[in-house]
Amino acid sequence: MRLLVSAGPTREFVDPVRFLSNRSTGKMGYAVARAAVEAGHEVVLVSGPVSLEPPPGLAAFVPVVSARDMLAALRRALAAADALVMTAAVADFRPARVSRRKIHKGAMPDSIRLVPNPDILATLARRKGRRVFIGFAAETERAVAGAARKLRAKGLDLVVANDVTLPGAGFGVDTNIVTFVRPDGTAEALPILPKLDVARRIVAEAEALLARRAR
Ligand code: C5P
């Protein structure tokens with residue numbers, strides 16, 4: 001399987017030294033990339049800025065900064081991929097204007113106008129073809145209902161939902177508590193597991209989805 005994985009946060013700059021971002025550390029996405037390499041797949045990892053070492057054995061590692069960079073990198077790599085696992089925590093908004101110079105304390109505006117970033121999955125869905133698309137849904141409540149909505153809206157084959165407020169799940173920790181939400185409406189809640197084990201289950205799901213599609 002040729003697997004494309006996105007990971008980490010994106011940074012949306014306000015001026016040359018300041019940006020908007022989020023709490024993503026990239027651990028889940030890097031674990032997916034590692035698990036896929038270990039399973040013998042050809043893996044391209046597109047990553048926002050994180051402090052992790054890329055796992056050994058990748059076919060390519062593509063560092064990106066903003067959501068628009070990430071979209072461009074994934075768009076380029078998608079043609080040669082059989083499956084996309086979109087774990088990145090893409091910033092939904094970016095400042096409407098990026099100042100070329102550092103904004104001085106005294107000149108700091110009381111508000112920053114934001115504009116929406118493109119939805120990467122929804123954009124790439126137009127060129128999905130027979131590829132398998134797996135998305136994440138990091139929610140703070142009612143994770144499964146939100147995930148089912150996302151699955152339909154973005155035309156995904158699987159959504160990995162997690163409540164990021166639970167201890168042992170979400171940002172920064174080495175474990176995750178996820179529920180697989182499928183297009184047929186079923187939800188499979190996994191126990192608390194190391195992120196690498198969650199990653200192995202996700203890779204197995206991608207393999208199974210692709211095998212079914214090839215028939
Ligand atoms: O709608 P929400 O952001 O919760 O959806 C999460 C899923 O969508 C994740 O897989 C995330 O990587 C992806 N996403 C995206 N482009 C965005 C925002 C989220 O592809 N602008």
Side-chain angles (χ1 to χ4, degrees), residues 3-13 19-33 35-36 43-50 62-78 81 83-96 114-128 131-166 169-171 176-183 187 195 198-199 201-203 205-206 209:
L3 192 71
L4 183 55
V5 182
S6 73
T10 66
R11 285 182 184 172
E12 312 298 329
F13 277 87
F19 55 80
L20 303 176
S21 193
N22 59 63
R23 293 177 54 203
S24 171
T25 59
K27 281 185 174 172
M28 193 61 244
Y30 278 55
V32 171
V43 182
V44 174
L45 175 60
V46 175
S47 176
V50 298
V62 187
V64 297
V65 178
S66 70
R68 287 186 297 173
D69 295 343
M70 185 172 277
L71 173 59
L74 289 173
R75 194 179 255 153
R76 270 194 295 275
L78 188 68
L84 167 66
V85 181
M86 188 76 200
T87 69
V90 184
D92 291 312
F93 304 100
R94 66 175 186 274
L114 300 176
V115 293
N117 268 330
D119 187 298
I120 296 177
L121 273 177
T123 306
L124 296 178
R126 290 182 225 132
R127 287 202 262 153
K128 184 171 186 248
R131 293 178 187 88
V132 166
F133 276 20
I134 297 177
F136 270 69
E139 307 280 344
T140 52
E141 64 215 83
R142 296 185 19 89
V144 172
R149 234 187 348 266
K150 233 151 261 179
L151 184 139
R152 283 190 298 275
K154 304 192 188 196
L156 302 175
D157 301 290
L158 178 74
V159 167
V160 182
N162 62 333
D163 182 335
V164 292
T165 61
L166 292 178
F171 299 119
N176 213 349
I177 308 168
V178 305
T179 300
F180 287 166
V181 180
R182 300 201 166 80
K195 281 184 172 168
V198 174
R201 301 282 287 261
I202 293 168
V203 171
E205 289 283 323
L209 284 162

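Read the numbers this way: they start at 1 and go in the same order the structure lists the ligands and their atoms.
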Atom CZ of R182 with >12 non-hydrogen neighbours under 6.0 angstrom
yes
With the side chain counted from C-beta on, respond yes when V50 and Y30 share a heavy-atom pair under 4.5 Å apart, and no when they do not.
yes
Say you draw a straight line from CG of L166 to CD1 of I177; how long is it, rounded to the nearest 0.5 Å?
5.0 Å
Inspect the contact between D119 and K150 and indicate whether a charged nitrogen and a carboxylate oxygen are less than 4.0 angstrom apart.
no
Taking the side chain as every heavy atom from C-beta outward, state whether L20 and L114 have any pair of such atoms under 4.5 Å apart.
yes
Return the protein residues near ligand 1 (heavy atom under 4.0 Å from any of its atoms), ordered by chain and residue number.
M86, A88, V90, D92, P118, D119, I120, L121, G135, F136, K150, K154
Please list, one pair per line, the donor and acceptor atoms closer than 3.5 Å that link side chains of residues 83-94 to other protein atoms, with sequence neighbours excluded.
residue	atom	partner	partner atom	Å
T87	OG1	S6	O	2.4
R94	NH1	P116	O	3.4
R94	NH1	N117	OD1	2.8

